[in-house]
Trainee: 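The structure follows.
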Protein chains: 2
Amino acid sequence: MELHMDMMDSPCGLDVSLKVIGGKWKPLILYHLQGGPARFSQVKQRVVGISEKVLIQQLRELVAMNVLIRRDHQRVPPMVDYALTPFGETLVETLRPLCEWGTQNRARVAATLASASSQP
Amino acid sequence: MELHMDMMDSPCGLDVSLKVIGGKWKPLILYHLQGGPARFSQVKQRVVGISEKVLIQQLRELVAMNVLIRRDHQRVPPMVDYALTPFGETLVETLRPLCEWGTQNRARVAATLASASSQP
DNA sequence: TTCCATACTTACCTTTAGGTAGGTACTGCC
DNA sequence: GGCAGTACCTACCTAAAGGTAAGTATGGAA
C-alpha cells in the first residue's frame, strides 16, 4: 500500500516519452532538426547511416505524433522539408542532457563495450 | 565543408547514450532504482509488466556497462540487490527531463495515439 | 523520346528485442 | 521425501524494427 502511494506521488512518464521517440533513429533525427527545418535529403545526410526507407518511416511517425511538421513546397522535383513543432521543441529539449552525457562518456562506453566483446 | 564543421562543433552523443540505455525497459529500470538499492523481486514488482527473463537480461547488461552494481548477499534463498553506480547516477539524471515531459504530456500523447489507431 | 532529381512506396528478408514455459541450484522446514 | 523461496538459465517462439532492392510519380531539360 505504501509502495503503491509512492508510485502515485512520482509517476514516471518515461513510457510515454519512449512511445514517442523510442527506437534507434528518432532521437537522432530530432537532434538534427534542432538547427531548423531541413529537406528530406538534408536530414538523410545528417543522420549518418540511416536508410532512406527507415528515414521516411520515422519521419512519418514523428509527423503523426505532431513532433514534426512536414511542408511540401509543391515542386518538381519534389521539395519537402521537415521542422520541429513547438511541441516537438519541448521534447528535443529533454534530449540535451542525454546527448551531453553521451558525448562526455563516449570513450568510456566504447572501452567498456570493447572489453565486453572480447570476452566470450 | 561548413556543414561538416558544424557537426564537429556540436557532436551528438545520443548514439552512445542509446547504446547504454536503449530499449523498452532499461530507462524504466534505472528510474526505479533511483530510490536506492532494490532486490531482484522488488525491481520486478516496480517495473510493471516486465517478464522475469527480460529483467534478468537487462539487469545483466546494465551491470556490464557499470551503470548498476549487483550485490549477492550469499544467502539461501538467494538475496541479491541492484543499485546505481555513481556513473549510473549521472546517467539517470539525464532521464529526468524526459520523464517529466512524458508525465506532462501523457494525456496529449494518448489522445494522439488513439486518434491515429482509429484511422486505417 | 530519354534522363534527371527528389521523395516516396512496396516486397521481401534479416536482425533484434521481447515473451512463454520449463527447468536448475541451494538450503531449510515439514 | 515434498515444498517453499529466490534468482537465475535454457529452448523455442513471436513481434517489432531495421535493411536491401526495385519501383513509382512528377515536371523539366536535353
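We name chains A, B, ... by the order of the sequence lines, and we start the count at 1 in each one. All values derive from a computational prediction rather than experimental measurement.
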Trainee: Provide, to the nearest angstrom, the distance between the CZ atom belonging to B:Arg75 and the P atom belonging to D:dT6.
Mentor: 13 Å
Trainee: Among C:dT9, C:dG19, D:dT26, which nucleotide sits nearest the side chain of A:Val76?
Mentor: D:dT26
Trainee: Calculate the interatomic distance between A:Ile56 atom CD1 and D:dA22 atom P; express it in whole Å.
Mentor: 17 Å
Trainee: Without swapping roles, check the side chain of A:Arg46 against the backbone of A:His32 for a donor-acceptor pair under 3.5 Å.
Mentor: yes
Trainee: Side chain of B:Pro78 only, heavy atoms from C-beta on: which candidate in D:dG19, D:dA7, C:dA21 is closest?
Mentor: D:dA7
Trainee: Counting N and O atoms only, with roles assigned by atom type, does the side chain of A:Arg106 sit under 3.5 Å from a partner on the main chain of B:Cys12, one being a donor and the other an acceptor?
Mentor: yes
Trainee: Side chain of B:Tyr82 only, heavy atoms from C-beta on: which candidate in D:dC8, D:dA21, C:dG19 is closest?
Mentor: D:dC8
Trainee: Using modelled atom types and a 3.5 Å cut-off, is there a donor and acceptor pairing between side-chain atoms of B:Ser17 and backbone atoms of A:Cys99?
Mentor: no
Trainee: Tell me, please, whether B:Phe87 has A:Arg108 positioned over its six-membered ring: NZ or CZ under 6.0 Å from the ring centre and within 45 degrees of its axis?
Mentor: yes
Trainee: Separation of B:Arg60 atom CZ from C:dG18 atom P, in whole Å?
Mentor: 14 Å
Trainee: Please give, in whole Å, the distance from C:dC8 C1' to A:Lys44 NZ?
Mentor: 13 Å
Trainee: Look at the side-chain N and O atoms of A:Ser41 and state whether any lies under 4.0 Å from the OP1 or OP2 oxygen of C:dA7.
Mentor: yes
Trainee: How long is the line joining CZ of B:Phe40 and P of D:dC8, in whole Å?
Mentor: 6 Å
Trainee: What's the closest nucleotide to the side chain of B:Trp25 if the choices are C:dA7, D:dG18, C:dG19?
Mentor: C:dG19
Trainee: Should A:Arg70 be listed as having a side-chain N or O under 4.0 Å from OP1 or OP2 of C:dC8?
Mentor: yes
Trainee: So which nucleotide from C:dG19, D:dG19, C:dA7 ends up closest to the side chain of A:Arg39?
Mentor: C:dA7
Trainee: Relative to the 5' end of DNA chain D, which residue comes earlier, B:Pro77 or A:Pro77, by the nucleotide with the nearest heavy atom?
Mentor: B:Pro77
Trainee: Checking contacts here: which listed nucleotide (D:dA7, D:dC8, D:dG19) is nearest the side-chain heavy atoms of B:Glu52?
Mentor: D:dC8
Trainee: Between atom CD in A:Gln58 and atom C1' in D:dG18, what is the gap in whole Å?
Mentor: 9 Å
Trainee: Tell me whether the side-chain N/O atoms of A:Lys24 come closer than 4.0 Å to OP1 or OP2 in C:dA17.
Mentor: no
Trainee: Please report the distance, rounded to the nearest Å, between CD in B:Glu61 and C1' in D:dC8.
Mentor: 15 Å
Trainee: Roughly how many Å is it from CE in A:Met79 to C1' in C:dA5, rounded to a whole number?
Mentor: 11 Å
Trainee: Would you check if the side chain of B:Gln42 reaches a backbone N or O of B:Arg39 as a donor-acceptor pair within less than 3.5 Å?
Mentor: yes
